[in-house]
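To start, the structure under review is shown below, and the notes come after it.
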Amino acid sequence: MKALVLSGGSGTRLRPFSHSMPKQLIPIVNKPVLEHVLGNIRDLGVTEVGIVVGSWAAEIAEVVGDGSRLGIRVTYLPQEQPLGLAHCVSLARTFLGDDDFVMYLGDNMLPEGIAQAADEFRAQRPAAAVVVHQVADPRAFGVVELEPDGTVARLVEKPPHPRSNLALIGVYFFTPAIHEAVRSIKPSARGELEITDALQWLVENGFRIKADEYRGYWKDTGQAADILDCNERLLADLRPGNLGSVDAASQLGDRVRIEAGARIIRSRIDSPAVIGAGTVIEDCHIGPNTSIGSGCTLRATRVRDSIVMDGAEIAHGPGLRNSLIGRNAVIGAGLAGAACHTLVVGDHTRIRVAA
């Protein structure tokens with residue numbers, strides 16, 4: 001089995017971040033979303049991975065490289081325009097050959113992994129298998145309707161009146177039968193080759209499609225609130241450890257991880273929280289539910305329920321809560337205070353926050 005990971009989207013819902021970085025590289029517990037995805041794929045025993053990339057190809061390649069650091073082998077597949085998920089299958093045809101493959105959207109977080117779905121696909125080997133999740137409002141998703149035996153009867157993209165609450169969540173398993181389906185469909189009204197249309201073609205032509213319901217935690221990390229929620233969820237399973245320096249005047253919770261070279265000075269770090277390598281925390285109150293990236297400097301401030309990305313500086317400001325602070329951002333204040341602010345601050349931004 002091979003893997004096809006889709007990382008070519010523009011991430012318009014994540015501006016201002018998507019102006020300066022691909023959404024797949026936004027960190028969750030100090031690791032890019034895409035690395036979480038590739039880890040799930042590696043855990044299936046799949047090592048040949050094609051990554052579909054768009055305008056952020058160079059940035060993604062800089063982080064992922066050839067994949068050897070992650071225990072995989074990566075082939076980059078450029079997509080000049082976002083023409084649909086089925087189009088990604090078409091452009092990856094040479095890479096995929098006649099192998100079965102898992103297709104995985106590169107901005108989806110499924111921390112419990114997809115091993116069960118993969119095992120069932122391998123054992124039963126239907127023409128395709130889709131991973132679904134019950135959602136409160138299916139109108140924003142591709143929706144799956146099932147036969148009594150659990151096979152897929154119908155797939156509808158963003159139906160105004162859904163007949164099921166089972167939504168496609170961005171993980172699919174395919175045999176080579178999908179290639180005939182992709183060749184047989186036409187672009188949708190929005191000009192894209194829809195994977196739901198290809199799956200529906202398989203259903204209508206007598207191929208068996210299975211649905212596997214994922215019952216664990218799932219997030220499409222397309223918005224800041226979803227990223228923060230996901231960060232909190234993964235921090236709940238954080239393994240504590242201290243590879244840095246903590247002075248005698250500081251206090252650490254029992255589920256705090258301090259990376260190599262970080263220094264904690266006269267500060268309190270509440271659980272759960274992670275402090276990145278080389279970061280300096282001085283006279284601060286950090287956490288809970290906070291990830292501070294590498295090479296940051298925080299002085300005389302409070303941050304909780306937030307993500308602070310690599311290289312950011314925060315000093316003498318009011319408390320930050322539910323905030324997403326970009327790489328190398330600089331936040332200061334003319335007046336310290338106890339008020340909590342919710343901020344979404346892009347990379348390399350300089351702001352002053354009044355209490």
Side-chain angles (χ1 to χ4, degrees), residues 17 21 25-32 224 227-355:
F17 291 101
M21 69 185 301
L25 296 186
I26 287 181
I28 307 289
V29 191
N30 286 1
K31 184 165 73 172
I227 291 169
L228 292 172
D229 184 87
C230 193
N231 190 66
E232 179 178 347
R233 169 61 181 79
L234 267 65
L235 279 171
D237 298 327
L238 182 72
R239 293 183 179 180
N242 181 12
L243 299 176
S245 170
V246 181
D247 72 3
S250 296
Q251 303 175 45
L252 299 186
D254 59 356
R255 287 184 296 122
V256 171
R257 188 172 74 217
I258 310 294
E259 301 289 3
R263 293 186 293 139
I264 313 301
I265 304 163
R266 297 184 303 276
S267 296
R268 174 178 168 181
I269 316 292
D270 288 339
S271 301
V274 57
I275 310 299
T279 283
V280 176
I281 307 290
E282 185 175 358
D283 298 316
C284 292
H285 187 176
I286 306 297
N289 303 316
T290 299
S291 296
I292 309 293
S294 299
C296 297
T297 302
L298 281 74
R299 290 190 168 92
T301 193
R302 172 164 186 167
V303 181
R304 61 170 294 170
D305 304 302
S306 297
I307 295 174
V308 178
M309 300 186 200
D310 293 353
E313 299 181 19
I314 305 174
H316 303 287
L320 299 181
R321 183 171 185 171
N322 299 323
S323 296
L324 193 57
I325 309 301
R327 298 171 299 181
N328 302 304
V330 178
I331 299 176
L335 183 66
C340 285
H341 292 253
T342 298
L343 293 176
V344 177
V345 179
D347 291 354
H348 306 283
T349 302
R350 291 176 174 266
I351 65 172
R352 297 176 70 83
V353 181

- What's the shortest heavy-atom distance between Ile292 and Asn30, and which atoms? O-ND2, 2.9 Å
- Query: Which heavy atom in Thr290 sits nearest to a heavy atom in Asp305, and how many Å separate them?
  - Reply: OG1-N, 3.0 Å
- Residues which pass side chain to side chain donor-acceptor pair (under 3.5 Å) with Asp283, listed by chain and number, not counting sequence neighbours: Arg266
- Rounded to the nearest 0.5 angstrom, the CD1-CD1 distance for Ile286 and Ile264 is 8.0 Å
- Which atom of Cys284 lies closest to which atom of Ser267, heavy atoms considered: N-OG, 2.9 Å
- Item | side chain to side chain contact (heavy atoms under 4.5 Å, CB included) partners of Leu243, counting only residues at least two apart | Glu259, Ala260
- Query: For the residue pair Met309 and Met21, what are the closest heavy atoms and their distance?
  - Reply: SD-SD, 4.1 Å
- Message: Can you give me the closest heavy-atom contact between Ala329 and Ile325, atom names plus distance?
- Response: CB-CG2, 3.9 Å
- Message: Show the nearest heavy-atom pair for residues Asp254 and Ser271, with the distance to one decimal.
- Response: N-OG, 3.0 Å
- Message: Between Thr279 (side chain only) and Ala262 (backbone N and O only), is there a donor and an acceptor less than 3.5 Å apart?
- Response: no
- Query: Do Val274 and Val256 come within less than 4.5 Å of each other through their side chains, counting heavy atoms only?
  - Reply: no
- Query: If we only count heavy atoms from C-beta on, is the Ile281 to Ile265 side-chain gap below 4.5 Å?
  - Reply: no
- Query: In Å and rounded to the nearest 0.5 Å, what is the CD to OG1 distance from Glu313 to Thr301?
  - Reply: 13.0 Å
- Note on the structure: Rounded to the nearest 0.5 Å, the CD1 atom of Ile307 sits from the CD atom of Glu232 at a distance of 10.5 Å
- Query: Residues two or more places apart in sequence or in another chain: which of them pass side chain to side chain contact (heavy atoms under 4.5 Å, CB included) with Pro288?
  - Reply: Asp270, Pro272, Arg304
- Kindly compute the distance separating CG (Leu234) from CD1 (Ile28), expressed to the nearest 0.5 Å. 7.5 Å
- Item | Derivation and outcome, side chain to side chain contact (heavy atoms under 4.5 Å, CB included), residues Ile227 and Leu324 | CA-CA 9 Å; Ile227 291 169; Leu324 193 57; 4.2 Å; yes
- May I ask you to decide if Gly293's main-chain N or O and Asp310's side chain share a donor-acceptor pair within less than 3.5 Å? no
- Message: Taking Arg268's backbone N and O only, do any of them form a donor-acceptor pair with Ser250's side chain (distance below 3.5 Å, no angle check)?
- Response: no
- Query: When rounded to the nearest 0.5 angstrom, what distance separates CG in Leu228 from CZ in Arg321?
  - Reply: 12.0 Å
- Please tell me if the side chains of Asn231 and Val29 come closer than 4.5 Å, counting only heavy atoms from C-beta onward. yes
- Message: Tell me whether the count of non-hydrogen atoms from other residues, nucleotides or ligands lying under 6.0 Å of CZ in Arg263 goes above 12.
- Response: no
- Do any N or O atoms from the side chain of Ser306 and from the backbone of Ser291 form a donor-acceptor pair under 3.5 angstrom? no
- Item | Close side-chain approach of Leu298 to Val280, heavy-atom, < 4.5 Å | no
- Item | Asp237 side, atom CG; Arg239 side, atom CZ - distance, nearest 0.5 Å | 10.0 Å
